[in-house]
Participant: 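Could you have a look at this structure, given as structure tokens, before my questions?
Below, chain A is the first sequence line, B the second, and so on; all start at residue 1. All values below were derived from every heavy atom in this structure, side-chain atoms included, with hydrogens, water molecules and symmetry-related copies excluded. Quick caveat, the model's predicted, so the values are computed rather than measured.
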There are 2 protein chains.
Amino acid sequence: MQRPITVSERNFLNISVDCVVFGFDDNQLKVLLIEQDKLSETHIPMSALPGDHVYIGEDLDEAANRVLKELTGIQGLYLKQFHAFGNPDRTKGEKDSQWLRQVRKDPDAHIVTIGYYSLVRMEDFNPVASSFAKNTDWVDVNDIPDLAFDHNEILDYALEHLRADTENNHISFELLPKKFTLGQLQQLHELILDKKLDKRNFRKSIKKLDELIPLNEKQTGVYHKPAQLYSFERNEDK
Amino acid sequence: MQRPITVSERNFLNISVDCVVFGFDDNQLKVLLIEQDKLSETHIPMSALPGDHVYIGEDLDEAANRVLKELTGIQGLYLKQFHAFGNPDRTKGEKDSQWLRQVRKDPDAHIVTIGYYSLVRMEDFNPVASSFAKNTDWVDVNDIPDLAFDHNEILDYALEHLRADTENNHISFELLPKKFTLGQLQQLHELILDKKLDKRNFRKSIKKLDELIPLNEKQTGVYHKPAQLYSFERNEDK
DNA sequence: ACAAAAGTGTTGGAGATACACCCATGA
DNA sequence: TCATGGGTGTATCTCCAACACTTTTGT
């Protein structure tokens, strides 16, 4: 049974958003992490997902976009909400507390966070650290270090959602950018699902989607047969 | 003795949970609503989903269970988180503001709410209104009135999730209570999905689930062939 | 000419769908 | 004995998985 918190403990309840931005190129699936600024001699900076408080009066989706932009400079991508994380101990690790004492007025607050994820071609975005992010890094999903707070758990959860969406071909028209070849799209699915797919079967299933639009354009500058380029129809781009 | 505080007293960004409890009997799918207490001459009470603030230091899942119990007396059911709603205007309707001014210290706070849903046999639970709920009602899903806040939207969203879970047979062992006949289970699926299902095919697909346990027990007191009773194995009951 | 990825159809099997009759009980 | 829902099997069809060769370009 939860012990009620009393006023004398001077605690707060805050809301944040955390963004899991998956990035891919032709053979890698990575996640965009930020590295915390080193704040003092004793402080050991950690890596973390880009995330920060929601403003009062701000919509959650907008907050996710704003926070991502403030910390990494990245904007204009579709962020999909996937889960809320509210364990009161999620920010109570020793390193986490140390960090929060330096950057927050209420370091002991209970912070509920709303998780968002997205998927982009890495080459289309060039993250630049700012605010309390010292650096940004694309880190391979198979090589994720210990992250701040419960961000490892949030990341695992996001990956599950990404895989489920990919299996159902929901991913593509919501989360994919610009134009691509079917080969690239297949590589992407293989990266996400972590298994090989049959080329002909993949093409059959993907071509059934009427969101898939063949462009009047072919690949150039490749030393093999150039591929048809495709795009996904965006339902509601902002 | 100090009383528990909620965020509302310290902050203007609050967190609440709202519970969408679907109830069924043999031919109806309903939702548990509460009716707000009438607070003054001019106040027009509305119906709403059971929901209230999360305490500081309280886990979201626990909060959902506590809040549901406080308002309706119902406890011990599996509540599944499905979405966070954070539109800053979601509590700014005129009637909503009027209500909040009477029951909250900071009626103008921005309230982010986390939606939970569940599914129960109505006969297994007997809701009793308390706290700021004046009454509780099981209301048919096809006959939902205008609700407080954005609760109509939350309810629609919950129904979508319920349907998706039902189609994939995820629903059953997570959200279903006690023992039932296959006929009842089929009726339930038909209610939720709003379409007829083939009896033999339904039984085939449902019998493949190894969470389905036949009990050493048959229906009694019915004036037709008594049905075998079944139960679902709970993975992790609390 | 060669290397590299693009592009293309058919077959077999598994799983989903359609469909009709007898059974056990209480009234 | 009748009304009511319980309970069962088969034939067809649709969807998914497996599989190999030709084409186009740059080097």
Side-chain angles (χ1 to χ4, degrees), chain A residues 24-28 121 123 163-172 179-210 212-231, chain B residues 24-28 121 123 163-172 176 178-210 212-231:
Chain A
F24 66 100
D25 61 19
D26 288 342
N27 55 5
Q28 290 184 302
R121 284 190 71 79
E123 65 189 33
R163 290 200 168 122
D165 282 353
T166 302
E167 298 244 31
N168 299 296
N169 289 328
H170 288 153
I171 169 191
S172 333
K179 51 199 181 187
F180 48 84
T181 71
L182 295 185
Q184 291 167 336
L185 185 59
Q186 182 177 344
Q187 276 195 0
L188 172 59
H189 280 233
E190 289 175 346
L191 272 173
I192 292 171
L193 301 177
D194 199 23
K195 64 180 177 192
K196 290 295 283 179
L197 301 173
D198 179 84
K199 181 161 55 158
R200 280 175 285 194
N201 293 334
F202 177 78
R203 282 160 187 252
K204 249 179 287 179
S205 80
I206 213 77
K207 281 183 176 171
K208 273 190 294 202
L209 305 176
D210 44 356
L212 184 76
I213 306 169
L215 303 174
N216 284 329
E217 211 173 335
K218 293 204 167 192
Q219 227 177 4
T220 56
V222 289
Y223 58 109
H224 56 74
K225 177 171 175 178
Q228 169 75 248
L229 287 170
Y230 291 84
S231 168
Chain B
F24 66 100
D25 63 18
D26 287 341
N27 55 3
Q28 289 184 303
R121 286 190 70 81
E123 66 189 32
R163 290 199 167 123
D165 282 352
T166 302
E167 298 244 31
N168 299 297
N169 288 328
H170 288 153
I171 169 191
S172 333
L176 261 178
K178 296 187 181 166
K179 50 198 179 185
F180 48 83
T181 70
L182 295 185
Q184 290 167 335
L185 185 59
Q186 181 177 346
Q187 276 196 0
L188 172 61
H189 280 234
E190 289 176 346
L191 273 173
I192 293 172
L193 301 176
D194 199 22
K195 65 180 178 195
K196 289 296 281 180
L197 300 173
D198 179 85
K199 182 163 53 161
R200 281 174 284 193
N201 294 335
F202 177 78
R203 281 162 186 252
K204 249 179 287 179
S205 80
I206 213 76
K207 281 184 177 170
K208 273 190 295 203
L209 305 176
D210 45 355
L212 183 76
I213 306 169
L215 303 175
N216 283 331
E217 210 173 334
K218 295 206 168 191
Q219 228 178 2
T220 56
V222 289
Y223 57 107
H224 55 73
K225 179 171 174 178
Q228 169 75 249
L229 287 170
Y230 291 84
S231 166

Participant: Let me confirm one number: the NZ-OG1 distance from B/Lys218 to B/Thr181, rounded to the nearest 0.5 Å.
Facilitator: 12.0 Å

Participant: For A/Gln228, report the nucleic acid contact type (base, sugar-phosphate, nothing); a contact means any heavy atom under 4.0 Å.
Facilitator: sugar-phosphate

Participant: C/dC23 phosphate, OP1 or OP2: any side-chain N/O from B/Lys218 under 4.0 angstrom?
Facilitator: no

Participant: How close do A/Pro226 and A/Gln219 get, counting heavy atoms only, and between which atoms?
Facilitator: CB-O, 3.2 Å

Participant: May I have the distance from B/Phe202 (atom CZ) to D/dG6 (atom C1'), rounded to whole angstrom?
Facilitator: 14 Å

Participant: Please give, in whole Å, the distance from D/dG6 P to B/Gln184 CD?
Facilitator: 8 Å

Participant: Side chains of A/Phe24 and A/Arg121: does their closest heavy-atom pair fall under 4.5 Å?
Facilitator: yes

Participant: Atom NZ of B/Lys208 to atom C1' of C/dT17: distance rounded to whole Å?
Facilitator: 12 Å

Participant: At under 4.0 Å between heavy atoms, which parts of nucleotides 8-14 of chain C does protein reach? Answer with one letter per nucleotide, 5' to 3': B base, S sugar-phosphate only, - none.
Facilitator: BBB----

Participant: Nearest-Å distance, NZ (A/Lys225) to C1' (D/dT22)?
Facilitator: 8 Å

Participant: Expressed as a whole number of angstroms, how long is the span from B/Leu197:CG to C/dT17:C1'?
Facilitator: 12 Å

Participant: Kindly indicate whether the side chain of A/Leu188, heavy atoms from C-beta on, has any atom under 4.5 Å from the side chain of A/Gln184.
Facilitator: no

Participant: A/Asn168 CG to D/dC15 P: how many Å, rounded?
Facilitator: 16 Å

Participant: Do any side-chain atoms of residues 191-202 of chain B form donor-acceptor pairs under 3.5 angstrom with protein atoms, and if so which ones, sequence neighbours left out?
Facilitator:
{"residue": "B/Asp198", "atom": "OD2", "partner": "B/Arg200", "partner atom": "N", "Å": "3.2"}
{"residue": "B/Asp198", "atom": "OD2", "partner": "B/Asn201", "partner atom": "N", "Å": "2.9"}
{"residue": "B/Asp198", "atom": "OD2", "partner": "B/Asn201", "partner atom": "ND2", "Å": "3.2"}
{"residue": "B/Asn201", "atom": "OD1", "partner": "B/Lys204", "partner atom": "NZ", "Å": "3.2"}

Participant: Between B/Gln186 (CD) and C/dT17 (C1'), how many Å, whole number?
Facilitator: 14 Å

Participant: Does the side chain of B/Leu212 come within less than 4.5 Å of B/Lys207's, by heavy atoms?
Facilitator: yes

Participant: Can you tell if the side chain of A/Phe180 reaches within under 4.5 Å of the side chain of A/Gln187, non-hydrogen atoms only?
Facilitator: no

Participant: Report the nucleotide, chosen from D/dT4, D/dG6, C/dA24, that has the shortest atom-to-atom distance to any side-chain atom of B/Ala227.
Facilitator: D/dG6

Participant: Would you kindly give the CD-to-C1' distance between A/Gln187 and C/dA6, to the nearest whole Å?
Facilitator: 13 Å

